[in-house]
Amino acid sequence: MTPKSILTTLAALWLASAAAAEELKMAVTTSFANSGLAEILLPVIERDTGITVQLLVVGTGQALKLGEAGDVDAVLVHARAAEDAFVAAGHATHRREIMYNDFIVVGPSDDAAGAGAATTAAASFAAIAGAGAGAAFVSRGDDSGTHKAELAIWQAAGITPGGDWYKSVGQGMGAALNTAAGMNAYILADRASWLNFANKGDLALIFEGDAALFNQYAYLPVNPAHHPHVKAEAAQALEAWLTSDTAKALIEGYRIAGQQLFTFNAVAN
Amino acid sequence: MVSPILPLTLDGVELRRAGRRILGPITLTLGGEGISIVLGPNGSGKTSLLRCMHGLERLSRGSLGWNRADDQVRARQAFVFQTPVLMRRSVIDNIAYPLRLDGVPAGRARRRAADLAETIGLAVTLDAPVQVLSGGERQKMALARALIRAPEVLFLDEPCASLDLASTAEIETILARARDAGTRIVMSTHNIGQARRLADDILFLDHGRLIEKGPGPAFFVGPLTPQARAHINGDLLP
Amino acid sequence: MNDLFDGLGQALRLLVTLDADLIEITGLSLRVSLGATVVASAIGLPLGAWIAVNRFRLRRTVIALLNALMGLPPVVVGLVVYVILSRSGPLGVLGLLFTPSAMVIAQVIIVTPIIASIAHQTIRDLWADYHDLLISLHATRRQRIVTLVWDARRGLLTAGLAGFGRAIGEVGAIMVVGGNIEHATRALTTAIALETGKGDFAMALALGFVLIALAIAVNLALHMLSGTERSSRW
Ligand SMILES: Nc1ncnc2c1ncn2[C@@H]1O[C@H](COP(=O)(O)OP(=O)(O)OP(=O)(O)O)[C@@H](O)[C@H]1O
Ligand SMILES: [Mg+2]
C-alpha cells in the first residue's frame, strides 16, 4: 500500500460517513423490520419529506436504550409499559400510537398439545404447558416487545414457565422462529414476521384472534431537551407523515399472502 | 601501514555462559600487521574469542580496548561467521548490503559488489537468490560481503571449512593480498597446513585459555605445550 | 442440501445481474475491511517489529497482552466501541456511531493484535538469523528495522492478509457499532445475519458465497501485486 492509496481509502471512508441529505435514525423492533412494511414506507417518506430514514433494527429493550442515550432520533416500538416509563423519564417528548398488528401462536401442524382448540390466548398457553414433554415452547427471551407480550400471557394463565420444554433463546424473531422450526416447537410470533418467514418447516398457525394478542406500535421522538443534537424537526415531520392519510393508505394496503397485517389507528392531533 | 584503531588490548577477559567459564581469563595485545591464526580443539573457545574481539559478546569480566573511540572502530572491522548469514536477497544484494548501509546508491554498490565477486572467484548468477549457492559459494559470498567495506581489521571464523582445495587456495591468495595491503587479519582454522602457510603469529587456545602465543614459524618448529604439539601433529589425546 | 444449491444459484444470479444492493454492501464490506486492515497494518507492523528487536522490561507482558487480545470476542470490542462512541459516551460529540467510520474503528481494534502478533513472530525469527550480521555491520536501529521489515515482507503480507480475513468475515462488532442500516452500514456479514434471521437461508448462503469469493479475490490480487509468487524461493 502506498501512502497515497491509504489517504484515498481514508478519504473515501470519511465521505461515506458524511451524509448528504437529511438523515434520521430510528430504532425499530425486529418484528417491524421483518414485516417488510418498512420497505414500502421508507421510499415514500423520502419522496414526501426529503428525509432518509435509517433503521436500526434491534429489540425493544435496546431500541429504548438507544433513544435514552441519544444515539437515535426516534423510536418505533410496541411495549406499552416500557414506553410509558420512557416518556415519564423524559427521554421522549411524548408517545404517539400509529398502528397495531397482532401476535399469533405458531406450533407443530399436528398441534399435539391442543393449543388451537382454546378460546383465549392464556388457555392456549396453558394447553402447551400442560402437555409437558409432549410439546416444546421457544421464547424470544430478549426483553423485546414480543417477549413481554408472551410473559403477560403466561401471567394471565397463572403459569411461571420453566423446565425442559421452555427454551429461552435470547434472540430476534427470525432466529427464534428458525429455532422453533428446527425443534418443531410452539412459539409466540407477530403475524408479519410469521408470514414473511421463509423457513416454516412443519410449523403452522395454531391460535389467533384474542384481544390479549393485540400489538400496538407507538412512535417516540427523542427529547431534544436531553440531547440537543437530535433532529427534532425531522422527527416531527416524520411523525406528521406517519399519522397522515398517505400513511394510512399504505399501511392498511400492505398485504402478505393476501392478508392485511397492520391496522392504522393514529388519532389526528 | 598499521591501522589507527590498533592495537587491540584484552585485559583479563572472561566469558561465562550458563554458569560455566567458556573463555579466559585472557590478557593479550593485538597490534601491528599480518595474519594471526587462532588454533585449538573443538570447543576450546576460538569462536568465542573472535566474537569478543569484534564486540559481539558482553564480557563477564576484564576489559577490551581499541586504540580509538568506539563508533570509529566498529565500521573499520568485519567478521566472517562460521556459518554464513544469508539475507533473503540476491547474491549481489547480499554482497552490496554493507555499502547500502553506508548510503552508497544501489547501482554503484552493485557494480562494486560484482567486481569483488569476480576478484574472489565467485562465478555464479549474481541475481539468483543467495539460498541457491553451494556451501563453498556461500562462504565466498560472506567473505566478499566482509571485504566490500575494505576493513582495516578482518575476523574470520573457519572461512575455508567447507571449501575444496582450489577454493581454499583462492581464498588464501585473497587473504594474503589483503594482508599485504595492510589489513590486519585474525582467523581461526582447523587446517594446520593453512595455518602454516598464512600465520604470522599463532594464538593457541585450550579449554578457553590462551596457552601459547608466538610467531608462526617458531610455533610450528617447536610448540611449547604438549596440547599444542599434539594438535599440530594430529595426535589423538586421551 | 437443497438450500446449498439454491444458495449457489442465487449467488450466481446476483452476480450475473450485478444486483445493485449486492454491489453496495460488497463495496461497503471491502471499504471497511480494507480500510481497517490498512490502518491496523500501519500500527501493527511497526509495533510487531519493534517488540521483536527491542528488549524492554514489559516486553513479555506486551506480547502476552497481544496474544490475549487476538482472542477477544468481536462483540465485546463492538460493545466497548459502542459505549465510547455513543452520544452519551466520551467521544459521543463526534457523532460516529452507526457510521462506516465506527465500523473501521472497531475492526482496527480487532485486527491490530493479529497483525502485530504475526509480524512479531515473523520479524523475531528473521532477527534471530540476522542479529550477528547486523550488529557486526554496525547497522543503526532504524536500518535494522528497515532491513528486517523489507526482508520479511512476504511474512508481513501474510500478516496483513490474516488481518483482512478476520475483518471481512467479522460480524459481531460491526453489527453493534454499525447497526446494519440499509444503504448506510449494511455489510456482507451483517446482511447474512439478517437473511438468516428472516429464515431466507438461500439468500444468506448466496451472500456467504460472495463473501468467500471476495476474500479469495483480494488474497490473489495482493499476492499478484506484490509478486511474491515469483520470489517464493525465499
Ligand atoms: N551462549 C553459550 N552458552 C553456553 N555455552 C556456550 C555458549 N557459547 C559457547 N559456549 C560453549 O563455549 C565453548 C567454546 O565455544 P566456541 O564456539 O568458542 O568453541 P570453538 O573453539 O569455536 O569450537 P569449534 O572448533 O567447534 O568451532 C563450547 O564448549 C561451547 O559449548
Ligand atoms: Mg567455532
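Just so it is clear, the values below take in all heavy atoms, side chains as well, and ignore hydrogens, waters and symmetry mates. Every chain is numbered from 1 and lettered A, B, ... according to where its sequence line falls, protein lines coming before strand lines. This one's a predicted model, so the numbers in the text were calculated from it and none came from an experiment.
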Which atoms of A/Ala69 approach chain C - backbone, side chain, both or neither, heavy atom under 4.5 Å: both
Might you confirm whether atom CD of A/Gln236 has over 12 heavy atoms from other residues, nucleotides or ligands at distances under 6.0 Å? no
Between A/His229 and C/Arg87, is there a side-chain donor-acceptor contact under 3.5 Å, judged purely by atom types and distance? yes
What's the separation between atom CD in A/Glu68 and atom OG in C/Ser86, rounded to the nearest 0.5 Å? 10.0 Å
Is C/Phe98 close to chain A through its backbone or its side chain, or both, or neither, when contacts mean heavy atoms under 4.5 Å? both
What's the spacing between C/Phe201 CZ and A/Asn178 CG if we round to 0.5 Å? 3.5 Å
To the nearest 0.5 Å, tell me how far C/His183 NE2 sits from A/Gln54 CD. 10.0 Å
Quick check for you: among A/Asp71, A/Leu42, A/Val57, which has the greatest number of heavy-atom pairs under 4.5 Å with chain C? A/Asp71
Please check if atom CD in A/Glu233 has more than 12 non-hydrogen atoms from other residues, nucleotides or ligands closer than 6.0 Å. no
Near C/Arg141 CZ, under 6.0 Å, is it more than 12 heavy atoms from other residues, nucleotides or ligands? no
Assert top hit (heavy-atom pairs under 4.5 Å, partner chain A, pool C/Leu194, C/Asp200, C/Leu97, C/Asn180) equals C/Leu97
So, the part of A/Gln62 with a heavy atom under 4.5 Å from chain C: the answer is side chain
Who in residues 85-92 of chain A is close to chain C, using a strict under-4.5 Å heavy-atom cut-off? none
Which heavy atom of C/Ile181 sits nearest to which heavy atom of A/Leu55, and what is that distance? CG1-O, 3.4 Å
For A/Lys65, look at atom NZ and say whether over 12 heavy atoms of other residues, nucleotides or ligands are found less than 6.0 Å away. no
Side chain, backbone, both or neither of A/Lys200 within contact of chain C (heavy atoms, under 4.5 Å): neither
